[in-house]
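Here the structure is laid out as structure tokens; the discussion comes afterwards.
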2 protein chains.
Amino acid sequence: MAKALPRYKRLHEDIKKEILQGDISKGSLLPSENELCAKYNITRATVRQGLQELVKEGFIEKRMGLGSIVVSDRKTLGLLSFKGFSEVLKSSALSSKTLNLEPVECTAWPTPFFYELSKKEEAQNCFSLKRLRTIEGDPVMLEFTYVPQWGTDDLPEKLEDSSLFKLLQVHYEIEVLQVVQDVRAIIGSKEILNLLQLKTGDPVLEIHRKYLTDRAGFHIYSTLYCNTSKYTFSNSFN
Amino acid sequence: MAKALPRYKRLHEDIKKEILQGDISKGSLLPSENELCAKYNITRATVRQGLQELVKEGFIEKRMGLGSIVVSDRKTLGLLSFKGFSEVLKSSALSSKTLNLEPVECTAWPTPFFYELSKKEEAQNCFSLKRLRTIEGDPVMLEFTYVPQWGTDDLPEKLEDSSLFKLLQVHYEIEVLQVVQDVRAIIGSKEILNLLQLKTGDPVLEIHRKYLTDRAGFHIYSTLYCNTSKYTFSNSFN
DNA sequence: AAGTGGTCTAGACCACTGC
DNA sequence: CAGTGGTCTAGACCACTTG
């Protein structure tokens with residue numbers, strides 16, 4: 001029972017594999033779109049659809065009049081910035097920990113919710129995670145995350161041994177494609193300040209996030225409260 | 001001299017404006033792709049190219065067999081995108097203004113500087129801009145920007161009639177490729193609070209930015225102080 | 001000048017959602 | 001069922017970069 005991948009997807013995965021395996025080295029040019037047409041026996045529109053995925057993932061960049069350049073590590077920071085806390089920090093020398101403040105629950109969505117939910121989302125429950133992140137023992141981020149219960153029923157037990165985003169990718173084949181976030185500075189509530197070990201009147205970074213995935217209509221939502229007195233919240237994009 | 005906009009871009013901006021102005025309400029369906037073909041006198045491939053931009057920006061989502069749903073009418077500002085203040089706002093219905101608090105000066109870099117400068121940068125002076133951005137009359141962002149004086153000698157007079165980033169692109173052919181930023185929440189100083197019309201003890205978003213350009217070694221630096229009491233600052237990345 | 005990616009046309013068939 | 005978006009073909013002209 002072969003799945004019969006779309007042709008553009010086939011090209012996308014082929015080239016991605018070649019890049020990751022080093023068959024096409026960073027900085028070099030991909031075959032031209034016309035050459036790829038010939039190689040895969042597809043039209044240019046289909047080739048471009050496939051290449052566009054690679055651009056979106058940050059593997060290649062296109063240069064007018066020149067070609068498609070492999071830049072596999074240029075977007076690294078930008079990619080890491082939404083892949084979750086642990087992935088971002090694991091390459092640095094700082095020790096980080098994540099503490100689940102409450103067991104994962106499956107409940108209705110909080111109301112009012114900070115982003116508008118679709119009817120499909122509203123109709124189902126969600127898993128809610130309440131976690132505190134620390135760096136070198138200092139609490140730096142309080143995170144409330146909401147994952148729709150939609151083919152992810154055994155999420156709680158799986159969550160034990162891996163990060164949320166890795167779990168979604170590996171066990172459910174859900175990949176985060178994009179993040180939209182709203183940022184503001186607020187004076188933290190007593191509960192938030194307490195958990196972040198801040199004093200009354202201290203400012204806190206509040207971030208609302210919506211993660212868009214490759215499963216249509218499947219979104220993950222987070223609210224983050226950050227103690228930025230010692231560590232800043234940094235990201236990179238292009 | 002202005003080039004005609006590509007047709008897909010025209011459609012993209014039109015619909016985006018309609019969404020932001022509330023002409024198409026959140027949760028409703030866009031006209032079908034075939035209807036848009038007829039309305040704009042373009043083919044479906046072109047319509048899809050335009051709609052895809054809206055998907056990328058998080059304004060719409062597509063549902064197989066159903067249509068394109070408007071999922072966001074955020075009036076928040078994509079100010080964390082690197083395209084600059086004016087560009088982000090021009091498609092929305094909100095009126096924005098930029099006030100130069102001081103004439104553009106060419107001086108040494110401030111010390112200490114918030115990012116590490118290369119020797120080449122340190123060896124030259126920089127233009128410093130101090131600007132206040134307002135939306136609908138409300139001051140929302142105080143911006144200190146530093147541009148190296150490196151083939152940009154006539155920057156001050158050129159700056160009169162266009163945005164900084166457009167100016168750099170058009171007159172000096174410098175294109176911003178990537179942005180690195182550090183974000184924190186602070187309690188504003190008296191001067192900052194005053195300019196942003198905030199009260200003592202109010203929180204402010206502080207952002208340090210480094211813009212990387214296609215001219216090797218040429219960077220632009222900014223410090224932003226944002227009043228997030230009324231508008232949040234949003235961005236989107238992948 | 002030759003080749004590249006950027007844009008665009010005018011069709012086509014399919015799988016899916018709602019009625 | 002009729003209509004939608006998902007995929008795809010076979011062309012075309014353009015602006016741009018490099019030799």
Side-chain angles (χ1 to χ4, degrees), chain A residues 1-15 24 27-56 59-71 118-121 123 150-151 177 212-218, chain B residues 1-15 24 27-56 59-71 169-170 173 175 177 214-215:
Chain A
M1 202 65 123
K3 351 172 180 178
L5 271 183
R7 304 180 185 201
Y8 79 91
K9 201 77 188 162
R10 167 74 194 280
L11 173 133
H12 167 231
E13 294 190 353
D14 271 15
I15 297 182
I24 308 178
S28 66
L29 286 172
L30 247 48
S32 76
E33 296 182 353
N34 282 319
E35 286 169 343
L36 291 172
C37 290
K39 180 175 174 188
Y40 286 87
N41 256 302
I42 55 183
T43 59
R44 223 182 117 208
T46 306
V47 167
R48 286 176 64 77
Q49 197 176 350
L51 293 185
Q52 187 194 351
E53 298 282 309
L54 292 170
V55 171
K56 224 164 54 177
F59 284 107
I60 67 170
E61 276 177 20
K62 296 187 163 195
R63 291 287 165 79
M64 183 50 152
L66 179 59
S68 299
I69 306 175
V70 177
V71 291
S118 69
K119 281 171 187 165
K120 189 166 191 174
E121 286 173 317
W150 173 16
L177 297 179
L212 312 181
T213 71
D214 59 354
R215 182 184 288 187
F218 188 94
Chain B
M1 67 159 278
K3 277 192 307 186
L5 270 184
R7 304 179 186 203
Y8 79 90
K9 201 78 188 162
R10 168 73 194 282
L11 173 134
H12 167 232
E13 294 191 354
D14 271 15
I15 296 182
I24 308 178
S28 65
L29 286 172
L30 248 47
S32 77
E33 295 182 352
N34 282 318
E35 286 169 343
L36 290 172
C37 290
K39 180 175 173 189
Y40 287 86
N41 257 302
I42 54 183
T43 59
R44 223 182 117 208
T46 307
V47 167
R48 286 175 64 77
Q49 196 175 351
L51 293 185
Q52 187 195 350
E53 297 283 309
L54 291 169
V55 171
K56 224 164 56 177
F59 283 106
I60 66 170
E61 278 176 17
K62 295 185 165 197
R63 290 289 165 75
M64 184 52 156
L66 179 57
S68 300
I69 304 176
V70 177
V71 293
Q169 190 180 28
V170 172
E173 283 164 9
E175 188 127 20
L177 297 178
D214 58 354
R215 183 185 289 188

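Proteins come first, then strands; the chains are lettered A, B, ... in the order of their sequence lines, and each starts at number 1.
- A sub-4.0 Å separation between OP1 or OP2 of dT7(D) and a side-chain N or O of Thr46(A) is absent.
- Residue Arg44(B) places no side-chain N or O under 4.0 Å from the OP1 or OP2 atom of dA10(C).
- Per the geometry, CD belonging to Glu33(B) stands 10 Å off P belonging to dT4(D), to the nearest Å.
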Exercise. Tell me, with the steps shown, if Ile69(B) and Leu29(B) meet side chain to side chain contact (heavy atoms under 4.5 Å, CB included).
Key: CA-CA 5 Å; Ile69(B) 304 176; Leu29(B) 286 172; 3.7 Å; yes
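- Across all strands, Ser32(A) comes closer than 4.0 Å only to sugar-phosphate atoms, never to a base (heavy-atom distances).
- Following rounding to the nearest Å, Arg48(B) (CZ) and dA10(C) (P) show an atom-to-atom distance of 18 Å.
- Within a 6.0 Å radius of CZ in Arg63(B), other residues, nucleotides and ligands contribute more than 12 heavy atoms.
- Remark: P of dA15(D) and NZ of Lys9(B) are 19 Å apart, rounded to the nearest angstrom.
- Per the geometry, CG belonging to Asn41(B) stands 13 Å off P belonging to dC8(C), to the nearest Å.
- Atom OH of Tyr40(B) is separated from atom P of dC8(C) by 13 Å (rounded to the nearest Å).
- Annotation: of the two residues near DNA chain D, Leu66(A) and Met64(B), the 5′-most nearest-nucleotide partner is Met64(B).
- Using a 4.0 Å heavy-atom criterion, one finds that Arg7(A) contacts the sugar-phosphate atoms exclusively.
- Asp14(B) is listed as a side-chain neighbour of Arg10(B), based on a closest heavy-atom distance under 4.5 Å.
- Residue contacts shown for Arg63(B) are limited to sugar-phosphate atoms, with no base heavy atom under 4.0 Å away.
- Using a 4.5 Å heavy-atom threshold, the side chains of Ile42(B) and Leu36(B) count as separate.
- Sequence order on DNA chain C of the closest nucleotides to Ser68(A) and Ala45(A) puts Ser68(A) first from the 5' end.
- For Gln49(A) and dC8(C), the CD to P distance is 17 Å, given to the nearest whole Å.
- Leu5(A) has its CG atom 10 Å from the P atom of dC8(D), to the nearest Å.
- Ranking dG6(C), dG5(D), dC8(D) by closeness to the Thr43(A) side chain, first place goes to dC8(D).
- The phosphate of dT7(C) has OP1 or OP2 within less than 4.0 Å of a side-chain N or O from Tyr8(B).
- DNA chain D is contacted by both Pro31(B) and Gly65(A); Pro31(B) maps to the nucleotide lying nearer its 5′ end (nearest heavy atom per residue).
- A straight line from CZ of Arg10(B) to C1' of dC8(C) spans 16 Å, rounded to a whole angstrom.
- Checking the phosphate oxygens (OP1, OP2) of dG6(D), a side-chain nitrogen or oxygen of Lys62(B) falls inside 4.0 Å.
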Exercise. Could you please spell out the steps behind the side chain to side chain contact (heavy atoms under 4.5 Å, CB included) verdict for Ile60(B) and Ile15(B)?
Key: CA-CA 10 Å; Ile60(B) 66 170; Ile15(B) 296 182; 5.6 Å; no
